[in-house]
Amino acid sequence: MVFKDVIKKLAVSVTVAGVLLTPLFANAAKVEYKWKMVTTWPKNFPGLGTGANDLAKLIGEMSNGRIQVKVYGAKELVGALEVFDAVSRGTAEMGHGAGYYWKGKVPAGQFFAAVPFGLTAQEMNSWIYSGGGLALWQEAYAPFGIIPMPAGNTGVQMGGWFNKEINSLNDLKGLKMRIPGLGGEVLKRAGGTPVLLPGGEIFPALQSGAIDATEWVGPYNDMAFGLHKAAKFYYYSGWHEPGTTLEALVNKKAFEKLPKDLQAIVLNATRVANANMLAEYTARNNAALGRLVKEHKVDLRPYPAEVLEQLKALSEQVVEEEAQKDAMSKKVYASYKAFRDQAVDWHELSEQSYLNARNPQ
Ligand code: CA
């Protein structure tokens, strides 16, 4: 009996049994939508680039192949920092990046990426999904025809790579450091010069001395770029990026062309990708840190408490001032701040008090 006949015979018996036949023999559906996703990350870069790949794969699997998303690394279709514009004009239906990379276009966007001494990953998700953040984020990007969604989180980042010790705030004076967003504005207030570079350009800039110092993400990602080969001291903690949210950008017209079920799939795939990325960073950072210290002899240092206190005071001034520069930032920051105040109160009794009990100093 040939295969076709087996199927026919089986089909008859299954139909007779009154069972819904279709799912048993369904193949992947026909591709109905072919989308491009441009990203700020080097292609397949661990955590960030693979997070974008994960999102594209999830959309494909959840839609049974009806939406096919092809991922482009930085410079494959557009430059790392051109992702926002490319999605806005429809060159690509989707993008993957972080809100502080386009702060020149949408200053309010940086509050949805990272705020110095601001919300942690858990708190960012809580503000965005359950504290009114998402609606404000959508409002901020609406004039550009873009729908934003959280699509990953790094957790608390590392403070950065330096070739000299940081013993006082004075040591940051005159320092040319790669550091994006609001953290960069704080460095400027401390007398340093912030430089905005996409990830792929950091190592050569640090090695050639074009920049004196850099931050990137954390041990897992920093080791992948080989930053330990270009700087001696590795400082913590990442006061400037306490739980950075990565974002998926969707062109509004492309999104509205989708039927409701596929719209729900795109939205929910970003939720899964968002959780997956944080899980990956949490799982891999500590092992990578061990290798940096043991194999690569990196000099790991905490920022002196006094330096962090001073940076915190400067951050409060800078963030407050930046938030007053345009109406949307003002509105977003009011929501962020109110949420932070209540999260801080609750987390003092919950997360913080538990961590103190678990890991007494
Ligand atoms: Ca960073």
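Values below: every heavy atom of this structure, side chains too, minus hydrogens, waters and symmetry copies. Both ligands and their constituent atoms are indexed starting at 1 by order of listing.
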ask   = Sequence neighbours excluded, which residues qualify as ring pair (Phe, Tyr, Trp, His ring centres under 6.0 Å) partners of Phe203?
value = none
remark   = Only residue of Leu292, Val293, Asp299 satisfying side chain to side chain contact (heavy atoms under 4.5 Å, CB included) with Tyr234 is Leu292
query = Within Gln157, is some N, O or S atom less than 3.0 Å away from the Ca ion (ligand 1)?
reply = yes
remark   = Residues at least two apart in sequence or cross-chain that pass side chain to side chain contact (heavy atoms under 4.5 Å, CB included) with Ile265, listed by chain then number, are Met62, Ser63, Leu262
task = Give a yes or no on whether Trp216 keeps an N, O or S atom under 3.0 Å from the Ca ion (ligand 1).
result = yes
ask   = Closest N/O/S atom of Glu241 to the Ca ion (ligand 1), by atom name?
value = OE2
remark   = The N/O/S atom of Glu215 lying closest to the Ca ion (ligand 1) is OE1
inquiry  = Please determine whether the number of non-hydrogen atoms from other residues, nucleotides or ligands lying under 6.0 Å from atom NZ of Lys164 exceeds 12.
reply    = yes
